[in-house]
Amino acid sequence: MQGIKNIVFDFGCVLVDLDKQRCIDAFNTIGAAPISVYVDECRQEDLFHDLETGRSSVAEFCAEVRRKSPCCRASDADICAAWASLLTGIPARRIEALLRLRQQYRLFLLSNTNEIHWQKAVDCFFPYQGFGVEDYFERIFLSYRMHLVKPDHKIFTTMLHDAGIVAAETLFIDDSPANCAAARDLGIQVLLSPAGDDWTDKL
């Protein structure tokens, strides 16, 4: 951590835990089996990519789920709930680590995510002992708001510029080797934290 002034966190797996099978089951339950295949295969193209990049709204995403799933008559709320079921929560030890680290470093979040998942986390997972998401991070950078996704170099350069931070003084924590490689290309220091690996023991 020598020379590090800023820490940038990914969201999925690094902070919030995921349960792919629970999400698959939820889509199957509402008659959206074709969508559960996307989840099972971790496919990010098509309707999921458009939602994650902000190219489509939540309502448009739900309409596309129904279009691709002839047996699905679910409401927008039920479709959002099925997609949000991928997220299972943020362990308290990670929230406590953020509260500890913010005393010494500037903390940021940079995530490929969508409005459905983010709102679920803001409402249900980040609140902790009177703290909320705005208490952990100085700035939050989300793909659906930026219309950019990792590992595109532009999302990193935009984040660095808008946050006013220096790459060499920044540590980026992500579970994706490709995302870490892209950050490293720009001189950002990286910590690869695969799903199930607990970064809180390393900082």
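- Nearest heavy-atom pair across Tyr38 and Asp46 is OH-OD2, 2.6 Å.
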Does Leu15 form a side-chain contact (heavy atoms from CB on, under 4.5 Å) with Leu98? I'd like the steps, not just the answer.
CA-CA 10 Å; Leu15 293 179; Leu98 293 177; 4.2 Å; yes
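- The two residues Ile90 and Arg94 come nearest to each other via the heavy atoms CG2-CB, 4.1 Å.
- Counting heavy atoms from C-beta on, the side chains of Cys80 and Cys62 come closer than 4.5 Å.
- Leu148 and Ile140 sit in two unconnected hydrophobic clusters of ILVMFWY residues. Membership requires side-chain heavy atoms under 4.5 Å apart, directly or through other members.
- The side-chain contact (heavy atoms from CB on, under 4.5 Å) with Phe61 is formed by just one residue from the set Ile79, Asp50, Asp76; it is Ile79.
- The backbone N or O of Asn28 lies less than 3.5 Å from no partner atom in the side chain of Ser36, so there is not a single donor-acceptor pair.
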Output, in order, the C-alpha distance, side-chain angles, deciding distance and verdict of side-chain contact (heavy atoms from CB on, under 4.5 Å) for Glu115 and Leu51.
CA-CA 8 Å; Glu115 184 177 352; Leu51 186 67; 5.6 Å; no
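- Closest non-hydrogen pair, Val190 versus Cys180, comes out as CG1-O, 3.4 Å.
- Side-chain contact check for Leu47 versus Ser56: every heavy-atom pair is 4.5 Å or farther apart.
- In this structure a side-chain-to-backbone donor-acceptor pair under 3.5 Å is missing from Gln189 to Arg184.
- Listed for the Lys150 side chain is no donor-acceptor partner under 3.5 Å among the backbone atoms of Ala182.
- At least one donor-acceptor pair closer than 3.5 Å links the side chain of Ser85 to the backbone N or O of Ala82.
- Hydrophobic clustering keeps Val16 apart from Leu192 (ILVMFWY residues linked when any side-chain heavy atoms are closer than 4.5 Å, directly or through intermediates).
- If you chain together hydrophobic residues whose side chains sit under 4.5 Å apart, Leu101 and Phe131 fall into the same group.
- Between Trp83 and His117, the ring planes are tilted. Angles from 30° to 60° get that label.
- Ring orientation note: the planes of Trp118 and Phe11 are nearly perpendicular, at an angle over 60° on the 30°/60° scale.
- Under a hydrophobic-cluster definition in which Ile, Leu, Val, Met, Phe, Trp and Tyr are linked whenever side-chain heavy atoms come within less than 4.5 Å, directly or via other members, Leu186 and Ile165 are assigned to the same cluster.
- Between Arg55 and His49 there is a side-chain heavy-atom pair separated by less than 4.5 Å.
- The two residues Val133 and Val122 have their closest heavy-atom pair at CG1-CG2, 4.2 Å.
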side-chain contact (heavy atoms from CB on, under 4.5 Å), that's the test. Do Leu86 and Lys120 meet it? Break it down for me.
CA-CA 10 Å; Leu86 178 68; Lys120 176 72 173 181; over 6 Å; no
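- Hydrophobic cluster membership differs between Val8 and Tyr105, with clusters built from Ile, Leu, Val, Met, Phe, Trp and Tyr side chains linked at under 4.5 angstrom.
- Arg67 is linked by a side chain to side chain donor-acceptor pair (under 3.5 Å) to Glu64, counting only residues two or more places apart in sequence or in another chain.
- Panel note: side chain Asp152, backbone Val149; no donor-acceptor pair is recorded below 3.5 Å.
- Looking only at side-chain heavy atoms (C-beta outward), Asp135 and Tyr128 stay at 4.5 Å or farther from each other.
- Heavy-atom minimum distance, Phe48 versus Ile35: CZ-CG2, 3.7 Å.
- Looking only at distances, a side-chain donor or acceptor of Ser143 sits under 3.5 Å from a matching main-chain atom of Glu52.
- Below 30°, between 30° and 60°, or above 60°: for Tyr136 and Phe126 the angle between ring planes is between 30° and 60°, a tilted geometry.
- Residue Ile7 is tested with Leu191, Leu109, Leu107 for a side-chain contact (heavy atoms from CB on, under 4.5 Å); the sole match is Leu107.
- Formation of a donor-acceptor pair under 3.5 Å by the Arg106 side chain with backbone atoms of Ala163 is found in this model.
- Taking CE from Met159 and CE from Met146, the interatomic distance works out to 8.0 Å, rounded to the nearest 0.5 Å.
- Tested against Phe172 for a ring pair (Phe, Tyr, Trp, His ring centres under 6.0 Å), the candidates Phe156, Phe9, Phe141, Trp199 yield a single pass: Phe156.
- No side-chain donor-acceptor contact under 3.5 Å links Arg139 to the backbone of Phe108.
- Between the side chain of Arg66 and the main chain of Ala74, a donor-acceptor pair closer than 3.5 Å is present.
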side-chain contact (heavy atoms from CB on, under 4.5 Å) evaluation trace for Phe125 with Ile95
CA-CA 9 Å; Phe125 302 146; Ile95 294 290; over 6 Å; no
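- No side-chain heavy atom of Val37 sits under 4.5 Å from any side-chain heavy atom of Phe27.
- Summarising the geometry, atom OG1 belonging to Thr200 is positioned 10.0 Å from atom CD1 belonging to Ile173; distances are rounded to the nearest 0.5 Å.
- With a 4.5 Å cut-off on side-chain heavy atoms, Gln129 and Leu99 do not count as touching.
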